[in-house]
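A short write-up of the structure that comes next.
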There are 2 protein chains.
Amino acid sequence: MATIYDVARLAGVSPATVSRVFNGTSVSVEKSAAVRDAAAQLNFVPNRTARTLRRQSSEVIGLIIPDIENPYFTEMARGVEDVASEAGYSVVLCNSDAQTDKEATYLQIAMSENMSGVIIATASEESDLAPILATGRPLVAVDRSTTYDIDGVVMANRAAGTSATRALIDEGYQRIAYIGGPEHIDTAAERAAGWRDALTRAQPDVDVDALLRFATFRVDGGREVMEELLALPEPPDAVVAGNNLIGVGAIQVLTEHGLTPPKVGVAVIGSLPFTTLSPSAVTVVRLPARHMGVTAAKMLLGRIAGDDQPPRTVVLRNELQAASVAR
Amino acid sequence: MATIYDVARLAGVSPATVSRVFNGTSVSVEKSAAVRDAAAQLNFVPNRTARTLRRQSSEVIGLIIPDIENPYFTEMARGVEDVASEAGYSVVLCNSDAQTDKEATYLQIAMSENMSGVIIATASEESDLAPILATGRPLVAVDRSTTYDIDGVVMANRAAGTSATRALIDEGYQRIAYIGGPEHIDTAAERAAGWRDALTRAQPDVDVDALLRFATFRVDGGREVMEELLALPEPPDAVVAGNNLIGVGAIQVLTEHGLTPPKVGVAVIGSLPFTTLSPSAVTVVRLPARHMGVTAAKMLLGRIAGDDQPPRTVVLRNELQAASVAR
DNA sequence: TTGAAAGCGCTAACAA
DNA sequence: TTGTTAGCGCTTTCAA
């Protein structure tokens, strides 16, 4: 790999001049041309490691997510990446697998690699962001809120729970269960609260807790709990799924039982990107994942550029796509 | 951020000794303990950028894929990551978006960040791997084969096409169409060839070309072509989908037309991770994506460790999951 | 086993 | 506008 010195020698200038050419500071036209020529000849690529070491910051932003196999997060990643690469930044995608220790490792890497900033969907309440915040690196929390005073982008989770539930009520369903993600995750709790609001308003006497279940945010979680609900003496006639994967699992089980929606009503919070159902059979409260990524990336780039307003949290609105096929 | 010098001063040793402690070379027990103490006190994290600059290689491997939103590739990424992180490497995931220029940028980054090696599912035939190969960095091609003489891990694509088609024939379907990915991508061409083999063997007189269609490897691609096939004067009674997303699109369209499988037979090459169909309605030739990632990562780590055998290509076997519900 | 010192490739302060 | 030079934080010879 050619270095700046090789280029300098070939072009008959000093290394500093070569550096200037590649960093856009003032160099005479002739020298600039000579440097570009030499660089092309030598196939010169500036060494980012050296630049990073010198500058104490790199044009890389870290994106830490809890589940790389969840389309919700990859859609978000796309949003981050589009904005970042537009601005000349590359994105390093890290999968914490919802484990706090893996997450901590990636945060350490972000520090020791001098990344410019980090966007994180935390693995849990216990996530320790103090060390990286201590370095002064900008950090934006996405999807889940944190106990730290930092920028954030979240969904209108409670509203999502409410509007999913209302849609099912409007379609005429009577016993509307809820399958949420882990109780200790704030997004899960909020969505459940929205469901509870809507349900108790419509049916003040309903035994809400009999219809509430928590699962993992995965297909298996949705499957298990849906089976459980169907085995009830008085099973629900509709269900709200707390995220996309839970929705998939629940629908799979319903299908296997011959209860394809809308025989049993289903409303999913999130999206069903790879559904093979007729799109009109299920109500979806779409969470704008890509937009969340775009927003977070813009906030982060702003901070990197020096924006020092007080931290703020952006709440993104959902979009209701009600099922159009009644029972 | 504390440096090795701060730790050295606090521990009363030289910077070299601190380095040795963190790199496992011989240091006396007492000094070693003193260094660890000091490091803990100062919250010391070794600066990877400096280490990388000095060592001319980092414990990072690049993984470049053409579509981060395709579960096939994220499943593979999981495999890569599990092996890599086990070995102390981190994985940088880069999305080329099937564009050769973005891919070239990421390859440049891999070089200029001194990454230890790269695993790549190339964007196209035109991918230029020469520059990175010139640096001597190990490179493993996954999913798609290349024109370069390098290590590779691919699926048994032709066999996949054949066994998907045979399964449909065995189920009694007569007019079996094929929706493949872009013709110029070798995996797509191979799978189509496998379909052609099986079909012409079973029905020597069939007009194969009338039943063959190429699409993009995306849900939309599958949708468009499926609509096209259904509009035919003599539409097919079954279809082989060249990848997971095409399969999803095709099934969506069939469902919308009231032709839910197995009314029209469907065999998908790949997986349907988030399908909401009854699992027995569709034939799946499962491609072991995770295993592909695991294999590629092991090969790459082997090369990084110095393995210099001639390049080899591993072909992974598929697993047929035939539909169990007949028409 | 330990320390001194050079240098990885680049940028930026300073001087010309 | 250009060159000289110091130094980012680490590893690794070499010598003790």
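Sequence lines set the chain letters: A, B, ... in the order given, protein chains first and strands last, and positions in each chain run from 1. Source: prediction; values computed, not measured.
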Discussion item. Expressed as a whole number of angstroms, how long is the span from B:N114:CG to D:dC10:P?
Written reply: 17 Å
Worksheet item: Roughly how many Å is it from CZ in B:F44 to P in D:dG9, rounded to a whole number?
Response: 10 Å
Discussion item. OP1 or OP2 of C:dG3 versus the side-chain N and O atoms of B:S14: is any pair under 4.0 Å?
Written reply: yes
Discussion item. So if I take every side-chain heavy atom of B:V13 and compare against D:dC10, C:dG3, D:dG3, which nucleotide ends up nearest?
Written reply: C:dG3
Worksheet item: Do B:R54 side-chain and C:dG9 base share a donor-acceptor contact under 3.5 Å?
Response: no
Worksheet item: Quick one: does A:R48 reach the base of C:dG9 with a side-chain donor-acceptor pair under 3.5 Å?
Response: no
Practice prompt. Would you mind telling me which of A:V13, A:L10, A:N23 makes a side chain to side chain contact (heavy atoms under 4.5 Å, CB included) with A:V18?
Written response: A:V13
Item to complete: Considering just the side-chain nitrogens and oxygens of B:T17, establish if one lies under 4.0 Å of OP1 or OP2 belonging to C:dT1.
Response: no
Item to complete: Answer yes or no: is there an ion pair linking B:R290 with B:D82, defined by an N-O contact shorter than 4.0 Å?
Response: yes
Discussion item. Would you say that more than 12 heavy atoms from the other residues, nucleotides or ligands in this model lie under 6.0 Å from the NZ of B:K298, or not?
Written reply: no
Worksheet item: Taking atom P of D:dC10 as reference, at what distance in whole Å does atom CG of A:L53 sit?
Response: 9 Å
Discussion item. Please report the distance, rounded to the nearest Å, between CZ in A:R55 and P in C:dT11.
Written reply: 6 Å
Item to complete: Classify the side chain of A:Y5 versus the base of C:dC10 as yes if they form a donor-acceptor pair under 3.5 Å and no if they do not.
Response: yes
Show me the side-chain donor-acceptor pairs of residues 26-47 of chain B shorter than 3.5 Å, one per line, residues at least two apart or across chains.
| residue | atom | partner | partner atom | Å |
| --- | --- | --- | --- | --- |
| B:S28 | OG | B:K31 | N | 3.4 |
| B:N47 | OD1 | B:T49 | N | 2.7 |
| B:N47 | OD1 | B:A50 | N | 3.0 |

Worksheet item: Has B:N23 got a side-chain N or O lying under 4.0 Å from the OP1 or OP2 atom of D:dT11?
Response: yes
Practice prompt. Would you mind classifying the nucleic acid contact of A:V18 as base, sugar-phosphate or nothing, using non-hydrogen atoms under 4.0 angstrom?
Written response: nothing
Worksheet item: Counting side-chain heavy atoms from CB outward, which of C:dC10, D:dT11, D:dT4 is closest to B:I4?
Response: D:dT11
Discussion item. If the cut-off is 4.0 Å, is B:S19 near the phosphate of D:dT11, judged by side-chain N/O to OP1 or OP2?
Written reply: yes
Discussion item. At less than 4.0 Å, is any side-chain N or O atom of A:Q56 found next to OP1 or OP2 of C:dT11? Yes or no.
Written reply: no
Worksheet item: Given atom CG of A:N47 and atom P of C:dG7, what is their separation to the nearest angstrom?
Response: 18 Å
Worksheet item: With a 4.0 Å cut-off, would you call A:R303 and A:D308 a salt bridge?
Response: no
Fill in: Which nucleotide in C:dC10, C:dT1, C:dA12 has an atom nearest any side-chain atom of A:R51
C:dC10
Item to complete: Map B:S28 and A:R20 onto DNA chain C by nearest heavy atom, then report which one ends up closer to the 5' terminus.
Response: B:S28
Discussion item. Classify B:F22 by what it touches in the nucleic acid, base, sugar-phosphate, or nothing, heavy-atom distance under 4.0 Å.
Written reply: nothing
Fill in: Between C1' of D:dC10 and CE of A:M111, the distance in whole Å
18 Å
